[in-house]
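Everything numeric in this text was worked out from a predicted model, so none of it was measured. Naming: A, B, ... by sequence-line order, numbering from 1 per chain.
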Amino acid sequence: MTADTPFIKLDRVSLTYQSRDSSTHALDETDMTISTGEFIAVVGPSGCGKSSLLKLVSGLHPATSGNVVVAGQKVTGPLKISGMAFQNATLLPWRTTLDNVLLPLQIVEPHASRFRKHRDQYEAMAMELLKLVGLDGFETKYPWELSGGMQQRSSLCRALIHEPQMLLLDEPFGALDAFTREELWGVLQKLWMTRKPTVILVTHDLREAVYLSDTVYVMSARPGRIISKTNVALPRPRTLRDTFKPEFIEMAQNLRLQISEGMGV
Amino acid sequence: MDSPASPPMIEIENVTKVFSTQDNRNLKTIDDIQLSIAQGEFICLLGPSGCGKSTLLNLIAGFETPSAGIVACAGKPVVAPGPDRGVVFQEHTLFEWMTVSNNVSFGLTCNPDIRARFPDAAGRTQACIDLVGLRGFENTFPNFLSGGMKQRAAIARSLAPDPAILLMDEPFGALDAQTRFIMQNELLKIWQTTQKTIVFVTHSIEEAVFLADRIVVMTKRPARIKEIVKLDMPRPRNINDPMLSDIKSRLYDSMASESVMI
Amino acid sequence: MSAVAPAVASRFELGMTRALYEWWLLIALAVVWIAASALNLIPNSVFPDAQTLARATVDLVTGKVGVLGKLTDHVWISFARFAAGYSIAAGIGILIGLLMATSSLIAALILPILRLLYPIPGLAWTPLVIMWAGIGENAVIVLIFLSAVWPIVYGAYDGFRNIPRNYMLVCRQLGATWNVRVRRVLLPAALPMLFSGLRLGHGMGWRAIVGAEMIAAVTGVGYMLNMGGELRRPDVVVVGMIVIAIMSALLDRFVFGTLEDRLISRWKR
Amino acid sequence: MKYWIRRTVSIWATVLCIVLWQLMCVVLSIEPFILPSPILVYHSLVQYHEPIMIHAMQTLFTTLVGFAIAVAFGLLLGLAIGVERAVYDGLYPMMIAFNSIPKVAIVPLLVIWFGIGTVPAILTAFLISFFPIVVNVATGLATIEPELQDVLRSLGARKRQIVMRVGIPRSMPYFFASLKVAITLAFIGSVVSESIASNAGIGYLMIAASARFDVALVFAGFVVISVMGVIMYEVTAYAERKFTFWATRANDIVT
């Protein structure tokens, strides 16, 4: 399913946040190897440094020690090859859905300098993505006219519009109700299967992790450390009905136990 | 419905609730519900959001009165809220300006009758705090507690006057998945220790299947009882149990037909 | 800063560095002003230099500027007037806010009037108040009242109105008595908003007192300041401004700050 | 029908108040120099409409000029503070100190510098009204969601791009909300300054009238002030609705 060359490699990476009068040891000696086009999920207790991992890989925050290598290069600053989405959709309320999706193209090169001339072409790209997530017909709506689930769909489109090689998701469905969340798993799976970016998904929801990913990493409580790696060999595309199958449930249950152990409960 | 061996703790007889809206329309939220709940039973009310589960809970609590039918607890018809039926809400439950122990003792000191019933309020308060695992946080203010600990304190407060019934309105709905799992286990422990009758409102199938003796599945508004699923498995339940996954699958289909997807 | 330095010294250093960092502009301006004073670059008729300001302060405190009276007397008079006007505003404002929150009928009756009167600046009432109450104590107190009362009403109304429904449900369920509900639940729950209304009202009242004394009184810091203007004494005006700023800051910081720490900050995050 | 009544309730309440006021004056036969009836006030308005007009125009002029300076200055300062941490650190303590001085206290100083008249009124209007604009614009800029900044930075956006694409549009609702407050304050500033140190404007007119015990004219001035205040407020509120219709989260805006 995945290519052999590692796309992301973390080598004994540690991260300590230093503030005025305290320091927080967020990540400790973490090793990770992620192949090109792989979908991985990171689960673990609250505040275990899962989100810090994303900051390191995206180059938004430098590691305190150790090496982060993405696409064969050591990460020293923002990479411009990643798309990000968060629990909060963070759409710009003064832009329509279409314009929100187009935002990265106005910033990232080489698109930014070509944007004005080739706007039609870019809009067609965006429309294609919106159609893929089921938002065609909503492109002229403003974010506040959309439901939470729709906002999250547009946020995913915005993260993917510049065709990033890497998609970083920080609990993207955490604020949605159960039904919408499960529906969006299907949407994300479809997006991934058509575009094949390398995905790191940070989540609380073990069923979500198993449903979506090729590999699930479990992190321990702070300071975060990878304590287990589980391959999910279920065939794709996966459906909600699969989540009631015994092997699925068993996998989720095992992860739950590992997390409890990692918390020292 | 099978009749429980002991006399029912809660009896809901042909209850209907109609609200009148601002523009003078009548909105039926609950339609002819019949349900009896045995002493010590753990009941989950499961249904789509906004279907009237909470209204049913409010009727048992006595916050609302039925438009038709009767709700009775321990053989007496419900006319007003009372300390015999503890309520735990999803949020805004703890008094922010009181420490955990003052919150818990509030129910023991807020009127003379109750004060007479619990001469050792301090001891009772400490016992409840210990029961929910909050020892060491007696003097902490709620805003300095995590979401799970807040709900622990809220449960302790509702348990303090020793109610026979605990009514819980999606109490773990605002917690993250991990904390929710811990709290569900904790609640089962408390239930087994205290032998309360619990009515628990939720829209999560997983939660209902993990907790309940009987799951009452409700339709979308106006809420009727769609089916009642009885679970005999011992606790703590193993989620791997194939019986449970069958039930979950069935409940999922049952719920899916009642909810409108976006 | 070296890591081995003793904690006390490093905290002091840190504090100094931070103060310097945060107050650089103010410190720079003060340095420029003192330097310009020393070189006699500022004409005293435009802005007082350091020496003049210091002398004016001493003269005013000791009462040497005959027509202007003693600064300390003015401060006390202004303060007493403020206390009187503000207390009345607090009492009446909280009462009205509470009544509005308890009855939607009262709220519907009062809100339109409130919306109409709130935007009218307290000082715009001055001509009317002078005619009704004459120049002097009463006029100033009424003007402070009229400036401070509106935010207090709104604060109390919002505070009592926005008490989460669940609090009342919990009280009903546990069978709390009326007394317990009011004293232990309603008042503390409304307190943060009520308090911010009181604090806002304090600011408004304090701003009004200067203008009111300028127009409608012959004593008080505002009057002294106005006289300074008429006597073309920028030094007197600047001393007055500084005194007023200090008085208002002291009240806000020490009275309201302490109350907030004691009553609210402990539990509100 | 009901909706229509609810929309106009403040007008009805005002009408009701005026009717009650008139009735009270007639029934209790209150002396006009204590409380003139609305009809007397109306007569005064008509009788003195020419001087009232002239003074009102003067007040309008000083208010608008002061307000315009405040908008330009406040917007620039707010942007500087919101974007640059060092500017924020340097200016913040001074702004707090400045804000705790009642602006009226500056009027005598302005009079010493510029003499009695239009300039102190304009400056008072400016000084009293720029503060909320600064605070709001800076708040809008400073509260960009960290996640959004991450999204933009991961795309390689420079600070200037973040400010232009997100910061400034985002601070616009805050800016327009602050205009409503600022115009009211500017109006207060010029009226108060006129009452203390001027020979023109509505503030001066009212003080002069009260010195002659012409109570009806004072009330007429009051009416003019209210009407002008409401109109100016509504104009800025209209501008807000028009330009930042997309900002539905009105309640997290500082006022």
Side-chain angles (χ1 to χ4, degrees), chain B residues 54 57-58 60-64 78-100 102-115 117-118 139-146 150 153-154 157-163 165-167 169 171, chain C residues 94 97-98 101-105 107-108 111 155-199 256-269:
Chain B
S54 302
L57 203 75
N58 285 341
I60 305 174
F63 295 140
E64 312 270 2
V78 168
V79 285
D84 57 323
R85 282 151 286 141
V87 184
V88 180
F89 303 92
Q90 182 171 341
E91 50 196 4
H92 282 308
T93 44
L94 293 175
F95 301 129
E96 298 176 283
W97 51 93
M98 292 183 197
T99 59
V100 167
N102 283 341
N103 262 292
V104 175
S105 67
F106 181 82
L108 301 174
T109 54
C110 66
N111 78 43
D113 298 344
I114 279 257
R115 229 174 294 153
R117 257 178 61 204
F118 295 95
N139 295 320
T140 311
F141 286 100
N143 279 325
F144 298 86
L145 295 175
S146 68
K150 277 187 203 173
R157 183 179 58 193
S158 57
L159 285 175
D162 200 20
I165 299 167
L166 204 51
L167 304 170
D169 192 356
Chain C
I94 293 174
L98 182 60
T102 40
S103 150
S104 58
L105 178 71
L111 268 179
Y157 176 50
D158 283 342
F160 288 114
R161 192 176 47 138
N162 293 329
I163 294 173
R165 202 176 95 91
N166 280 355
Y167 284 159
M168 282 355 291
L169 291 185
V170 169
C171 283
R172 280 175 63 194
Q173 187 260 314
L174 295 169
T177 58
W178 193 83
N179 176 28
V180 168
R181 282 184 204 196
V182 172
R183 212 165 32 82
R184 292 185 63 192
V185 178
L186 279 173
L187 274 179
L191 197 63
M193 279 192 191
L194 177 63
F195 190 81
S196 79
L198 284 170
R199 201 166 186 170
F256 284 90
T258 315
L259 278 176
E260 187 166 26
D261 285 347
R262 284 268 175 85
L263 297 176
I264 299 167
S265 304
R266 264 181 342 134
W267 53 269
K268 189 102 191 163
R269 255 231 286 239

Per-residue tally against chain C (heavy atom, under 4.5 Å) across B:P163, B:C110, B:P142 peaks at B:C110
Under a 4.5 Å heavy-atom criterion, the part of residues 161-169 of chain C in contact with chain B comprises C:P164, C:R165, C:N166, C:Y167, C:L169
Worksheet entry | C:E260 and C:R199 ion-paired at < 4.0 Å | yes
Any side-chain heavy atom of C:F256 within less than 4.5 Å of one from C:D261? no
d(B:M98 CE, B:F106 CZ) to nearest 0.5 Å is 5.0 Å
Minimal heavy-atom distance between B:F141 and C:R266, with the atoms involved, is CD1-O, 3.5 Å
- Are any of the side-chain heavy atoms of C:C171 and B:F95 separated by less than 4.5 Å? yes
C:Y157 versus C:L111: any side-chain heavy-atom pair under 4.5 Å? yes
Most heavy-atom pairs under 4.5 Å with chain C, out of B:A160, B:G86, B:A61, B:A80, belong to B:G86
(Q) Would you say B:N139 and B:T99 are linked by a side-chain donor-acceptor pair, where the criterion is simply a distance under 3.5 Å? (A) no
| message | Quick check on B:R115: does its CZ atom have over 12 non-hydrogen neighbours (other residues, nucleotides or ligands) under 6.0 Å away? | response | yes
Among residues 176-183 of chain C, those lying within the under-4.5 Å heavy-atom range of chain B are C:A176, C:T177, C:V180
**OP:** Please tell me if the side chains of B:I60 and B:V78 come closer than 4.5 Å, counting only heavy atoms from C-beta onward.
**Re:** no
Whatever's closer than 4.5 Å to a heavy atom in chain C on B:L108 counts as neither
inquiry  = Are the side chains of B:K150 and B:N143 in contact, using a 4.5 Å heavy-atom criterion?
reply    = yes
Checklist entry - Can you check whether B:W97 reaches B:N103 side chain to side chain, under 4.5 Å on heavy atoms? => result no
Scored by heavy-atom pairs under 4.5 Å with chain C, the best of B:G62, B:G107, B:P83, B:S158 is B:P83
query = With a 4.5 Å limit on heavy-atom distance, are the side chains of C:L191 and C:K268 in contact?
reply = no
Interface check, chain C: of B:L94, B:D113, B:I114, most non-hydrogen pairs under 4.5 Å belong to B:L94
